[in-house]
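To start, the structure under review is shown below, and the notes come after it.
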Amino acid sequence: MNKKIISIAIDGPAGAGKSTIAKSISSKLGILYLDTGAMYRAVALKANRENIDTKNKDELSKLVKSIDIKVIYSHGEQKVYLDGEDVTAHIRTPEVSLGASNVATVPDVRIKMVELQREIASDNSVVMDGRDIGTYVLPKADVKIFLTADVKERAKRRYSEQVLKGVTNITLEAVLEDIEYRDKNDSSREFAPLSKASDAIEIDTTNMKIEEVVNTILEYVNNYV
Ligand code: DC
């Protein structure tokens, strides 16, 4: 008998814990994890490399027509390829974060990325994280989670993450500013903005440990399956 394909949508603002939690859930359930933000980041990287302003909607619509983005899984890790090059290690800079939030406001960019995201979910069980997964990409997802956390706590998490990676030229204030900019930009765009689906379960992770959040979500998943 074929196993049923399940989809879990995890949305929320930057720093709410989406990727850490989604990764843990995917490994516990043995299903794919798709970080959709990485795809918008790859578009922003290409724009930066080609000196295209990430706020120039017409140029971005043109750029995305010929872009080749692929998501590949290697030893359980997601790798993002841009025009044949593995750019996974190049898409986490503050410049790319900001650019990703800008390119993500362009409908042509979103349409192309969403097509790829739906394709992956159509033949795999998946936990997908992003901003519009429960509302737009997978409106029929089996379990929808909306993660939030206080903005200062989110900035602290992102800052510590960067420091742990050895990044030294950042300040907590700059990270907070970046997150506040992206929160506003991602929530106020017209096409598929960051918002909680009416049937999503909201979890405020401000004072929760990762394991607690993961277990809470797994309970919802187990109740569903
Ligand atoms: O999750 P992230 O921080 O890697 O995402 C980078 C940007 O990409 C984010 O600021 C908004 C955009 N994004 C989006 O609009 N929709 C998604 N499903 C995922 C990310």
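For ligands, and for the atoms within them, numbers begin at 1 and follow the listed sequence. The figures here come from the full heavy-atom set of this structure, side chains too, leaving out hydrogens, waters and symmetry mates.
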* Is there a heavy atom in Arg189 that sits closer than 4.0 Å to ligand 1? -> yes

* Tell me which protein heavy atom sits closest to atom 8 (O) of ligand 1, plus the residue, atom name and distance to 0.1 Å. => Tyr40 CB, 3.7 Å

* Asked: Going by an N to O cut-off under 4.0 Å, is there a salt bridge joining Glu161 and Arg158?
  -> yes

* To do: Please indicate whether any nitrogen or oxygen in Asp35 is less than 3.5 Å from any nitrogen or oxygen in ligand 1.
  => no

* Asked: What is the closest protein heavy atom to atom 20 (C) of ligand 1, and at what distance does it sit?
  -> Gly37 CA, 3.5 Å

* **Protein residue, atom and distance nearest to atom 12 (C) of ligand 1, heavy-atom basis** => Ala104 CB, 3.7 Å

* Asked: Contact between Met113 and ligand 1, counting heavy atoms under 4.0 Å?
  -> no

* Asked: For atom 19 (C) of ligand 1, what's the nearest protein heavy atom and its distance?
  -> Thr36 OG1, 3.3 Å

* Structure fact -> ligand 1 to Gly130, heavy atom cutoff 4.0 Å, flagged ligand atoms 17 (C), 18 (N), 19 (C)

* Asked: Any side-chain donor-acceptor pair under 3.5 Å between Tyr33 and Asp129?
  -> yes

* Asked: What is the nearest protein non-hydrogen atom to atom 4 (O) of ligand 1, stated with its residue, atom name and distance?
  -> Arg41 NE, 2.6 Å

* **Asp129-ligand 1 polar pair, N/O distance under 3.5 Å** => no

* Kindly say whether Asp150 contributes a backbone atom to a donor-acceptor pair with the side chain of Glu153 at under 3.5 angstrom? => no

* Asked: Can any side-chain N or O of Lys79 pair as donor or acceptor with the backbone N or O of Asp86 at less than 3.5 Å?
  -> no

* Less than 4.5 Å apart, any side-chain heavy atom of Leu29 and any of Val127? -> no

* Sub-3.5 Å N/O-N/O distance, Ser97 and ligand 1 -> no

* Ignoring hydrogens and angles, state whether a donor on the side chain of Asp142 or Tyr220 is under 3.5 Å from an acceptor on the partner side chain. => no

* Distance-only polar pair, side chains of Lys57 and Thr105, donor-acceptor under 3.5 Å -> yes

* Does Asp186, backbone or side chain, put an N or O under 3.5 Å from an N or O of ligand 1? -> yes

* Side-chain donor-acceptor pair under 3.5 Å between Arg182 and Ser187, yes or no? -> no

* To do: Would you kindly specify which portion of Ala14 sits under 4.0 Å from ligand 1, judged on non-hydrogen atoms: side chain, backbone, both or neither?
  => neither

* Does one side chain, of Asn185 or Ser101, offer a donor that lies under 3.5 Å from an acceptor on the other? -> yes

* **Arg110, any N or O under 3.5 Å of ligand 1 N or O** => yes

* **Closest protein heavy atom (residue, atom, distance) for atom 3 (O) of ligand 1** => Arg182 NH1, 2.9 Å

* Do you reckon Leu60 sits in the same ILVMFWY cluster as Met113, going by side-chain contacts under 4.5 Å, direct or chained? -> yes

* Structure fact -> heavy-atom search around atom 1 (O) of ligand 1 in the protein gives Arg131 NH1, 2.9 Å

